**Q** 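Here it is, the structure in full.
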Number of protein chains: 2
Amino acid sequence: MKPRKPRPAAPPRFDIGERLRDLRERLGLSQRALATRAGVTNGMISLIEKNRSSPSVATLKKILDGFPMSLAEFFSVGQPEPPRIFFSADELVEIGGGAISYRQVGANLQGKALQLLHERLQPGADSGAAMLRHDAEEGGIVVRGELELTVGLETRRLRAGDAYAFSSRIPHRFRNLGREVCEIVSACTPPSF
Amino acid sequence: MKPRKPRPAAPPRFDIGERLRDLRERLGLSQRALATRAGVTNGMISLIEKNRSSPSVATLKKILDGFPMSLAEFFSVGQPEPPRIFFSADELVEIGGGAISYRQVGANLQGKALQLLHERLQPGADSGAAMLRHDAEEGGIVVRGELELTVGLETRRLRAGDAYAFSSRIPHRFRNLGREVCEIVSACTPPSF
DNA sequence: TAGCGGCGTTTAGTATATTAAGCAAGCACG
DNA sequence: CGTGCTTGCTTAATATACTAAACGCCGCTA
């Protein structure tokens, strides 16, 4: 696999030029204005935006400093969001049914910002794999028993006194692998249901 | 608009060479092996790792494809690290020391929406009369012992399993009138401190 | 010992990124 | 109309990224 052929202008699944131009115009900057702030020439901006030149990382960084924006941010748009590997769609979560029972603090959560739950997981209880909620944050503290918690790719076993907190957009899963009932107090904002 | 020259504000200098070498060695790849997978020359890898050459974005992307790794991931190191998810009991940050001790889930709550506390009230503990917080909601569940809670004009005595929820703007007061330690798990959104 | 095959590094040449300068078009003002 | 300033674009020259090939080193095995 020797690279012999000249570069075919890079198949950009990520269109640097387009993205750069979009950013620049969104800030209402001219090519020259941005070039001045970044310490490069206006011609360079033009060439990059038209993908007639593939900037070096150093140059791109200088340009982004003019916004300012980090390289990570620049490339993080439309980028592979956390790969949801363990996404079993056939298993629907039924909170409150069977092995997992919860007690919710407050009845009508309309307009409220906070949801507080006291959950009980019977031995062997499993919340199921996918609970892809909208923008929300949740966290909890284990009060009794043992909890196996999977968030994204990470799995941990938590005991009484241990805690967790994460963005609800990440697929997560609760399981009680012990022989004792597991109790946790969890909070979610905004309420998920 | 006349472009005022803002200070480039040199962010944490990102050592591409070091990072690349670290990644490559972590995967146990030789420069040649990586170069072959990436479709560049081994010499290029060497030059980049020693920062003797500043790769173009296109080249860096080809190299990262050999891992594989996205540009976003590559540059996301040293950036604001992904928020902690799991907290063991002894990791919870202690906030108050006296009769009422708060153990907070997570340390830096800037930008977070949720604050989760594990509170311990010694017998006789008293939070004081007025705690007029900003716009926030809070709630909690009593895990152990007894709690006397005053919210506005109402006072109630809560036992293990009982819960509360109210708007933080209302003056409130926590007291432990019993002879046993009282434990509660409380949540607040947005964080109050 | 010689010889092989791996490693990372360096060099010389060439392809390309980048600059500096100039281009035409658009808009405002006299 | 012209003058001046803007915009984005293009070109010639220069700096440098990148390649191909060679170099030196180390650990093998015969």
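Within every chain, numbering begins at 1; the chains are lettered A, B, ... in the order of the sequence lines, protein sequences first and strands thereafter. It should be emphasised that the depicted structure is a prediction, and the values quoted were computed from it without experimental measurement.
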**Q** Which nucleotide sits closest to the side chain of B/Gln31: C/dA17, C/dT9, C/dA20?
**A** C/dT9

**Q** Using atom CG of B/Leu34 as one end and atom C1' of C/dG8 as the other, report the distance to the nearest whole Å.
**A** 13 Å

**Q** Do B/Gln122 and B/Val181 come within less than 4.5 Å of each other through their side chains, counting heavy atoms only?
**A** yes

**Q** Report, as yes or no, whether the 6.0 Å neighbourhood of atom CD on A/Glu25 holds more than 12 heavy atoms from other residues, nucleotides or ligands.
**A** yes

**Q** Kindly give the heavy-atom pair with the smallest separation between A/Ala72 and B/Phe75, and that separation in Å.
**A** CB-O, 3.7 Å

**Q** Side-chain N or O of B/Arg32 less than 4.0 angstrom from OP1 or OP2 on C/dG5?
**A** no

**Q** Could you state the atom-to-atom distance from CD1 of B/Ile48 to P of C/dT9 in whole Å?
**A** 12 Å

**Q** On the nucleotide C/dC7, are OP1 or OP2 found under 4.0 Å from the side-chain N or O atoms that B/Ser30 carries?
**A** yes

**Q** Return the value, rounded to whole Å, for the distance between atom CG of B/Leu20 and atom P of C/dT9.
**A** 12 Å

**Q** Expressed in angstrom and rounded to an integer, what is the separation of B/Ile45 atom CD1 from C/dG8 atom P?
**A** 10 Å

**Q** Run the salt-bridge test on B/Arg24 and B/Glu49 with the 4.0 Å N-O cut-off and return the result as yes or no.
**A** yes

**Q** Counting only side-chain N and O atoms of B/Arg21, is one of them less than 4.0 Å from OP1 or OP2 of C/dT9?
**A** yes

**Q** Which salt bridge (Lys or Arg N to Asp or Glu O under 4.0 Å) pairs, counting each pair once, include a residue from residues 116-125 of chain B, with sequence neighbours left out?
**A** B/Arg120-B/Glu183

**Q** Please report, rounded to the nearest Å, how far the P atom of D/dT7 is from the CD atom of A/Glu25.
**A** 13 Å

**Q** If the cut-off is 4.0 Å, is A/Arg24 near the phosphate of D/dT7, judged by side-chain N/O to OP1 or OP2?
**A** no

**Q** Rounded to the nearest angstrom, tell me the gap between atom CD1 in B/Ile63 and atom P in D/dA17.
**A** 13 Å

**Q** Is it the case that A/Ser76 and A/Glu73 place a side-chain donor and acceptor less than 3.5 Å from each other?
**A** no

**Q** Would you say D/dC18 has OP1 or OP2 under 4.0 Å from some side-chain N or O of B/Ser56?
**A** yes

**Q** What residues form a side chain to side chain donor-acceptor pair (under 3.5 Å) with B/Arg19, not counting sequence neighbours?
**A** none

**Q** Please state how far atom CG in B/Asn51 lies from atom P in C/dG8, giving the value in whole angstrom units.
**A** 17 Å

**Q** Could you tell me the separation between the CD1 atom of A/Ile16 and the P atom of C/dT18, rounded to a whole number of Å?
**A** 11 Å

**Q** Could I get a table of every N or O pair under 3.5 Å where one atom is in the protein and the other is in nucleotides 10-12 of chain D?
**A**
none

